[in-house]
2 protein chains.
Amino acid sequence: MDPTISSSLGLVSGQTFTFAEDEPFVLESGATLNPVTLAYETYGRLNEARSNAILVLHALSGGAHAAGLSEENGKLGWWDDCIGPGKPFDTDRFFVICSNVLGSCYGSTGPASIDPTTGQPYGLRFPVVTIGDMVRAQVALIDHLGIDRLLCAVGGSMGGMQVLEWTARHPQRIRSAIPLATTGRSSPMLIAFSEVGRQAIYADPNWQGGDYYANGHRPDAGLAIARMVGHITYLSEQSMHQKFGRRLQNKERFGYEFQTEFEVESYLRHQGLTFSRRFDANSYLYITKAMDYFDLSTPTGALAAAFADSTHVKYLVVSFTSDWLYPSYHGKEIVSALTAAGADVTYLDIQSSWGHDAFLLEVDTMTRLLGSFVDRVACEEGV
Amino acid sequence: MDPTISSSLGLVSGQTFTFAEDEPFVLESGATLNPVTLAYETYGRLNEARSNAILVLHALSGGAHAAGLSEENGKLGWWDDCIGPGKPFDTDRFFVICSNVLGSCYGSTGPASIDPTTGQPYGLRFPVVTIGDMVRAQVALIDHLGIDRLLCAVGGSMGGMQVLEWTARHPQRIRSAIPLATTGRSSPMLIAFSEVGRQAIYADPNWQGGDYYANGHRPDAGLAIARMVGHITYLSEQSMHQKFGRRLQNKERFGYEFQTEFEVESYLRHQGLTFSRRFDANSYLYITKAMDYFDLSTPTGALAAAFADSTHVKYLVVSFTSDWLYPSYHGKEIVSALTAAGADVTYLDIQSSWGHDAFLLEVDTMTRLLGSFVDRVACEEGV
């Protein structure tokens, strides 16, 4: 364990929940899965009234390890800034749950899982899943934990899609919702970037139509390219100037060669390489597909109808001025739909230069904002 | 020839100019090329005073065929909207030249050319070229055509970089300059997207370190992915909504499969595929590299010094509000540097939803703007 990394939560261990062992889990597509496992972690304790549960929802490449130091590998959770004693999602007061999504490669049922009917990894025989399927699996987890109603569901990017799906399709199970840097429907630009990443994976000869698990050669190059594209979209033009500018990588003058010249190239290659070691290419395909399909609007394009039954839910919607992947107007569309539906909405378009990643990087602003919102909701609920 | 395509210029034929046959052409890197060929086309006639020449400079994937119908393949030139009798670059009045860039695959010396020392295609043995090298080759062409001073140099994107290079490094050879949707130095975001495209080409097993010309298998998949990424960056979030929205491709409901679901996916795949048939992957590597290196600023970041000797040049600088690849502030930086240097500048930040491609797509606005600017300069010069 790296002694320089610490967390007020200390060591945490992951858990799994398996359901649909007898009755298959029917997906939106009509296909079925049987059984289904979700990996999850919890921090803090569920109170007697079972009224203090906060569900944290991760983005495309995340997992259940949101806070504390993983007992398994010593790594710090991806949102440790916000979860722990005295933090916005105060584990002395709240019971915080983070569930890995269906289709992922971090302990939940996904394309790398063994298909019980064949004894082999699913690969592309794994059925296409949607954000709705991911959330219905989480509902089963919440049932299993004995929680009737979440105090709050919170998440950014694809996590925010899940938050909106919770309030739209399971409004009676939720008291408040914090969708961050997200949208009510995936834009064509989002679909386009996802498709480029998928094409890079398909084009990798190691991909082998998805059946690469047995042969020891994974489509790392394709997945790395997909991640490089993704990483650019998570930053902003301005933050790339701040972070890299036109600085050269370990050299004082141009080499006029096809090796790395600029720091930004080195950064991207490193991000691609490390991601391809930790993530499964097929999971990347399935999860980006789930995001593509996400659309809470009616065929005429109206979003408000989706929230008709969630007017009792309190919302904190946040967008970021330099987020060009989920531009602020997407946040404003959500707010417009929610106010049209009569919901109680707080909205902030936060001035930030960090692009889409701002929901994780604007730590001071976000901790204050999330803390005061959750405190208000908790007080109203008598938690 | 497609009878539905017409041009007021009619059929045009390409030409080539070869130089550095004895003395090698020394590149910015210090490497040499010998000989160098540029493909070019001309429209209209050079007047007796040799004062009516307009040089049109193309972007990353363009070529010398800017206007009219190619005698070779019947295709319409990429800027036929602006070049021809009665058009802004009026061929009844001006002598318009479009030169293919060094490093390209459209008739000029590039990595697919035969290396005279080996009798084999250069491949990655072709030296890295810069925007400065491209422009110095064009200077040789202009010399060859007997033109002492261009009335105007005009181009968008990488074409705009060449325009700025002309005014910064060869100010005595130019009377006016129109850099469109461009920058005085490539941004880290631009470098990042280029690097992703290059990595996609490197990752294609058919690339073979650049030596694929002989074996008949080209790195089409890698080049197609590079082009798909590029295409997204040429559009805007808004124009993708207008152009595609979330419309499905030839289906009424989701297929929940990894085939194309959305129109935008189909569009990108088609763009990638057709591009890989018409362009050379190694040229893509070299030309994007040239763009990466482009930087007219001093080590302290100041641009104005670059234009110190071009205060006699009249400038029309244009940016587009939805261009996020070359955001408007890059145009404003150019204008700020030019005004600091004391140059005569007209600047427009054109309201457009078409993103970077707006310089080609906002036809009405652009034809009026370019026409009146060039007319003013021509009148001042007595053309």
Side-chain angles (χ1 to χ4, degrees), chain A residues 27-31 124 127-128 130 185-189 191-193 195-196 198-200 202-205 210 221-222 224-225 228-229 231-232 235-237 240-241 243-247 254-258 260-265 267-269 272 285 289 292-293 295 297 301 324-325 327, chain B residues 27-31 124 127-128 130 185-189 191-193 195-196 198-200 202-205 210 221-222 224-225 228-229 231-232 235-237 240-241 243-247 254-258 260-265 267-269 272 285 289 292-293 295 297 301 324-325 327:
Chain A
L27 302 167
E28 275 192 58
S29 66
L124 241 60
V128 166
T130 63
R185 62 189 145 214
S186 285
S187 70
M189 181 179 267
I191 296 170
F193 278 118
E195 175 64 4
V196 170
R198 289 191 295 263
Q199 289 290 336
Y202 302 153
D204 188 323
I225 289 163
M228 288 172 72
V229 176
H231 250 281
I232 302 175
L235 301 171
S236 73
E237 216 257 357
M240 292 179 90
H241 272 291
K243 213 173 154 91
F244 313 109
R246 287 182 49 86
R247 281 192 303 278
F254 295 153
Y256 296 109
E257 59 187 2
F258 286 92
T260 297
E261 293 274 27
F262 295 96
E263 276 187 17
V264 64
E265 296 175 288
Y267 170 85
L268 286 178
R269 290 186 194 184
L285 299 178
K289 262 295 193 193
D292 285 5
Y293 289 122
D295 182 3
S297 66
W324 56 276
L325 192 61
Chain B
L27 302 167
E28 275 192 58
S29 67
L124 241 60
V128 166
T130 63
R185 62 189 144 214
S186 285
S187 70
M189 182 180 266
I191 296 170
F193 278 118
E195 174 64 7
V196 170
R198 289 190 294 263
Q199 289 290 335
Y202 302 152
D204 188 323
I225 289 163
M228 289 172 70
V229 175
H231 250 281
I232 302 174
L235 302 172
S236 73
E237 215 257 357
M240 292 180 89
H241 272 292
K243 212 172 156 92
F244 314 109
R246 288 182 49 86
R247 283 192 301 278
F254 295 153
Y256 296 108
E257 61 188 358
F258 286 92
T260 297
E261 294 273 28
F262 296 95
E263 275 187 17
V264 64
E265 296 174 287
Y267 170 84
L268 285 177
R269 289 185 195 184
L285 299 179
K289 261 296 192 191
D292 285 5
Y293 288 122
D295 182 3
S297 66
W324 55 276
L325 191 61

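In what follows, chains carry the letters A, B, and so on, assigned in the order in which the sequence lines appear, proteins first and then strands, with residues in each chain numbered from 1. Just so it is clear, the structure is predicted and the values come from calculations on it, not from any experiment.
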Ring-plane angle category for A:Phe262 and B:Tyr293, please: parallel below 30°, perpendicular beyond 60°, tilted otherwise. tilted
With a 4.5 Å heavy-atom cut-off, do B:Trp324 and A:Glu237 have their side chains touching? no
If the condition is side chain to side chain donor-acceptor pair (under 3.5 Å), which residues does A:Glu265 pass it with, not counting sequence neighbours? B:Arg198
Comparing A:Ser187, A:Ala31, A:Ala203 against chain B, the one with the most heavy-atom pairs below 4.5 Å turns out to be A:Ser187
B:Lys289, B:Glu261, B:His231: which one forms the most heavy-atom pairs within less than 4.5 Å of chain A? B:Lys289
For B:Pro127, is it the side chain, the backbone, both, or neither that has a heavy atom closer than 4.5 Å to a heavy atom of chain A? neither
For B:Glu263, is it the side chain, the backbone, both, or neither that has a heavy atom closer than 4.5 Å to a heavy atom of chain A? neither
Region of B:Ser236 that comes under 4.5 Å of a non-hydrogen atom in chain A: backbone
Sorted by chain and number, sequence neighbours left out, ring pair (Phe, Tyr, Trp, His ring centres under 6.0 Å) with A:Phe244 holds for A:Tyr267
Max heavy-atom pair count under 4.5 Å with chain A, selected residue of B:Ala224, B:Pro205, B:Pro188, B:Gly255: B:Pro188
Interchain contact, A:Ala221 with chain B, by part (heavy-atom threshold 4.5 Å): side chain
Contact part of B:Ala200 toward chain A, heavy-atom cut-off under 4.5 Å: side chain, backbone, both or neither? both
Under 4.5 Å from any heavy atom of chain A, what part of B:Leu285 do you find: side chain, backbone, both or neither? both
Calculate, to the nearest 0.5 Å, the distance between atoms CG and CZ belonging to A:Asp292 and B:Phe254 respectively. 9.0 Å
Would you indicate whether the side-chain heavy atoms of A:Ile191 and B:Arg246 approach each other to under 4.5 Å? yes
I need the minimum non-hydrogen distance between A:Ile232 and B:Met189, along with the two atoms involved. CG2-CG, 4.2 Å
Part of A:Arg269 within contact of chain B (heavy atom distance under 4.5 Å): side chain
Can you tell me which portion of A:Asp204 sits under 4.5 Å from chain B's heavy atoms? Options are side chain, backbone, both or neither. neither
What closest approach, in Å, do B:Val264 and A:Ala192 show between heavy atoms, and which atom pair accounts for it? CG2-CB, 4.0 Å
